[in-house]
S.K.: 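One structure follows; several queries about it will come next.
Protein chains get the first letters and strands the later ones, always in sequence-line order, with residue 1 at the start of each.
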Protein chains: 2
Amino acid sequence: MIQYTDLSQPIYKRLKEMIRSGELKQGEKIIQEKIAEELGVSRTPLMKALLALENEYLVESIPRRGMYIRTFDYDDIINIYVCREALEGMAARLLAVKKDKSFIKELESCFTPFLNVKTIDVNAYTKADETFHSSLIKFTENKPLDNIYFFSDIHDKVVRQGLVRPPKETLEEHFNIINAIKQGDADQAENLTRYHIKKSKELLINQQKKSKQ
Amino acid sequence: MIQYTDLSQPIYKRLKEMIRSGELKQGEKIIQEKIAEELGVSRTPLMKALLALENEYLVESIPRRGMYIRTFDYDDIINIYVCREALEGMAARLLAVKKDKSFIKELESCFTPFLNVKTIDVNAYTKADETFHSSLIKFTENKPLDNIYFFSDIHDKVVRQGLVRPPKETLEEHFNIINAIKQGDADQAENLTRYHIKKSKELLINQQKKSKQ
DNA sequence: TTATTGTATTTTGTATACAAAATTCACAAC
DNA sequence: GTTGTGAATTTTGTATACAAAATACAATAA
C-alpha cells in the first residue's frame, strides 16, 4: 500500500521535528540502518531526507564516517542572528516600498489579540511571533530570500527552544515595525527590524553566559 | 578501482559546472538513468548530487515526475540581487567593526594589479571581482552567512554568465569599500557595498530589457 | 480529422545486496 | 598500565532489482 508519492518528505519532516524537539541530540551520530528501521523505511529515502537536512546545515556529513546532528555553539547563535538581522531588515525595507500594502492587515492580526490583555499567554505569543517573522519574509514574494531565511530560521528554533523576550517589551516593537512599513519609511522599517532582532540576539547571549556559570 | 570516498561529490561538481556552462540547459529534464550512464555511475550517488543541487535551488524536483534544471527569470535575477545586497552589506559592516584588520591586505591585493594599467583584461578582472566578493564573506568568519551567501552566489553566476560592469566604473567602488572597512566606518562600508551591488543589479535589468526587445 | 481508451515503454521511488572502509574489541607485547 | 596488532563486526557507499507511476503511442470510435 502506497501512502506517499515521496517517502523522503514525511521522513524529512519527522527528522526535523526530532532535531527541533531534542529527541535527536546535538552531536549524535545518525546510524542510518537504525533510524531507517525505527521509521520503518529503507536507507534510500532516509538518505534523501538526511541530504536535505545536511544542506540546511542541521546535519553534518563526514564521508565514510557518518552523519551527525550538528551542534550549535555560542558563536553559531550569534552568527545566525547576524544573518537574520540582514535578511529580515531587508524584508522590512522591501515591504515598506511596496505599493500594495494589503498585507498589513495580516501582520497586524498577529498581535492585535494581545492588545489590552492583562496577562499574555507566552505560548500563544511565541507562536504569533513566529508567524509574524515568517510572514514578513513571505510577503516580500522574494523566493530566494524566503529560501535562505528559512535556512537560518530552523537553526534559531533549534537553539532557542521557545525562549522569547517578554511580550511587554516586544509587542510595541512589533507595532512600530508595522507602522514604519505602513508609512513607507524604508530606512525606519529596516532599522527597527534590525534593532528588534539585535535585542533578541542579546537575550540569547546573556542566557548562554548564565548557563556557562 | 575506487578513486573517491564519496562519488557524489565529483558528480555534484560536474553537474554544477554543466549547469553553469549551459551544457545542461535551463528547464531541461534530467533523466537520471541517462545522466548516470553518461557519467559512468549508478543512480544512487547521482541522486545525492541532485539532491544537493535541489537544495541550492539549481534543480527543481517534482515528485514522481522528475527533476528539472531550474529556469531563472527576470524577477529571480532581481530577487537574488536583493539577497546579495543584504548579505554582502552586512558582511562589509562586520568587517568594518573587526579589531584585527589583517585581511585588508588580501582584499586590496585583488585589485592592485589593475591600478595604473591602461587597458584592463576583463577576464582577469571578472575573476578578481569574484574573489573579492567571496573574500568579503569569508573574512567575516560567519559560517552560516558564508553558507547562504554561496547559495545566492551560484545563481548569480548562472544568470550573469560573466557579464560585469566596466572596470573603470567599479575599480574605484571596490577601493572605497575597502577604505571604509579599513577606517572602521561600518555604516559607510555597508552603504557603499549595497550601492555597488545595486548598480550591478541595474546592469542586469537593463541587459534583460534589451534582450527582450 | 479529433478524442479516447488501452497497452507498451520509460522513468521514478524504494528496497536490498554487496564490497570497501571504519570501528570495536580482544589479546599480545612492551 | 599503555600501546599496538589484527580479526570480527558494524556501517557506509554504490549498484542493482523491482514495483508503481507517468508517459508515449497505437488502435478504435465518434
S.K.: Determine, step by step, whether E56(B) and K16(B) satisfy the salt bridge (charged side-chain N to carboxylate O under 4.0 Å, His left out) criterion, reporting the C-alpha distance in whole Å, the side-chain angles of both residues, the deciding distance to 0.1 Å, and the verdict.
M.R.: CA-CA 10 Å; E56(B) 272 177 45; K16(B) 202 158 174 174; 2.9 Å; yes
S.K.: Which is true for R65(B) with a 4.0 Å heavy-atom rule: it touches a base, it touches only sugar-phosphate, or it touches nothing?
M.R.: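 If one applies the 4.0 Å heavy-atom cut-off, R65(B) turns out to touch the sugar-phosphate alone, with no base involved.
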S.K.: Separation of I62(B) atom CD1 from dT11(C) atom C1', in whole Å?
M.R.: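 Checked: the CD1 to C1' distance equals 14 Å.
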S.K.: Nearest to the side chain of V41(B), which nucleotide is it out of dA17(C), dA15(D), dT14(C)?
M.R.: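 Nearest to the side-chain atoms of V41(B), counting from C-beta on, is dA15(D).
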S.K.: Provide, to the nearest angstrom, the distance between the CD atom belonging to E33(A) and the C1' atom belonging to dG13(D).
M.R.: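 So the CD-C1' distance, E33(A) to dG13(D), works out to 12 Å.
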S.K.: Within the 3.5 Å criterion, strictly below it, is a donor on Y125(A) or T170(A) matched to an acceptor on the partner's side chain?
M.R.: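 Yes - a donor-acceptor pair under 3.5 Å links their side chains.
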S.K.: Consider the side chain of L7(A), meaning its heavy atoms from C-beta on, and name the nucleotide among dG13(C), dG13(D), dT14(C) that approaches it most closely.
M.R.: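 Nearest listed nucleotide: dT14(C).
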S.K.: Closest approach to the side chain of K29(A), judged atom by atom: which nucleotide of dT14(C), dT12(D), dT12(C) is it?
M.R.: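 Given the options dT14(C), dT12(D), dT12(C), the side chain of K29(A) is closest to dT12(D).
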S.K.: Which nucleotide sits closest to the side chain of D6(A): dT11(C), dT14(D), dT14(C)?
M.R.: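 Per side-chain heavy atoms of D6(A), the pick is dT14(C).
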S.K.: Round to the nearest Å and state the distance from K48(A) atom NZ to dG13(D) atom P.
M.R.: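 Nearest whole value for this atom pair: 17 Å.
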S.K.: Does any donor atom in the side chain of Y149(B) or E88(B) lie under 3.5 Å from an acceptor atom in the other side chain?
M.R.: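 There is such a pair (donor and acceptor under 3.5 Å, judged by atom type) between the side chains of Y149(B) and E88(B).
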S.K.: dA21(C) P sits how many Å from M67(A) CE, rounded?
M.R.: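 Taking CE of M67(A) and P of dA21(C), I get 20 Å after rounding.
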S.K.: Quick check: does any side chain N or O of K98(B) sit under 3.5 Å from a backbone N or O of F139(B), one acting as donor and the other as acceptor?
M.R.: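 Pair found, side chain donor or acceptor close to backbone of F139(B).
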S.K.: CG of L39(A) versus P of dA15(C): gap in Å, rounded?
M.R.: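 In whole Å, dA15(C) P and L39(A) CG are 11 Å from each other.
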S.K.: Which nucleotide in the list dG13(D), dA15(D), dG13(C) gets nearest to the side chain of M47(B)?
M.R.: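 So the nucleotide nearest the side chain must be dG13(C).
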S.K.: Report the distance from atom CG of L50(B) to atom P of dT11(C), rounded to the nearest whole Å.
M.R.: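 Taking CG of L50(B) and P of dT11(C), I get 15 Å after rounding.
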S.K.: Are OP1 or OP2 of dT14(D) and a side-chain N or O of S42(B) less than 4.0 angstrom apart?
M.R.: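 S42(B) to dT14(D) OP1/OP2: no side-chain N or O under 4.0 Å.
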S.K.: I need the minimum non-hydrogen distance between G66(A) and K29(A), along with the two atoms involved.
M.R.: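 So the two residues come closest at CA-CE, 4.0 Å.
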S.K.: When we call it a touch if two heavy atoms are under 4.0 Å apart, what does I30(B) touch: a base, just sugar-phosphate, or nothing?
M.R.: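 Counting heavy atoms under 4.0 Å across all strands, the contact made by I30(B) is with sugar-phosphate only.
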S.K.: Consider the side chain of I31(A), meaning its heavy atoms from C-beta on, and name the nucleotide among dA15(C), dT11(D), dT14(D) that approaches it most closely.
M.R.: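 Of the candidates, dT11(D) comes closest.
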S.K.: To the nearest Å, how far apart are R64(B) CZ and dT11(C) C1'?
M.R.: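 To the nearest whole Å, that distance equals 8 Å.
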S.K.: What is the distance, rounded to the nearest whole Å, between atom NZ of K34(B) and atom P of dT11(C)?
M.R.: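 To the nearest whole Å, that distance equals 9 Å.
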S.K.: Which residue lies toward the 5' end of DNA chain C, S8(A) or R43(A), if each is placed at its nearest nucleotide?
M.R.: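 Closest to the 5' end, via its nearest nucleotide, is S8(A).
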S.K.: Of the candidate nucleotides dA15(C), dT14(D), dG13(C), which contains the atom at the shortest distance from the side chain of T44(A)?
M.R.: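 Nearest nucleotide to the side chain: dA15(C).
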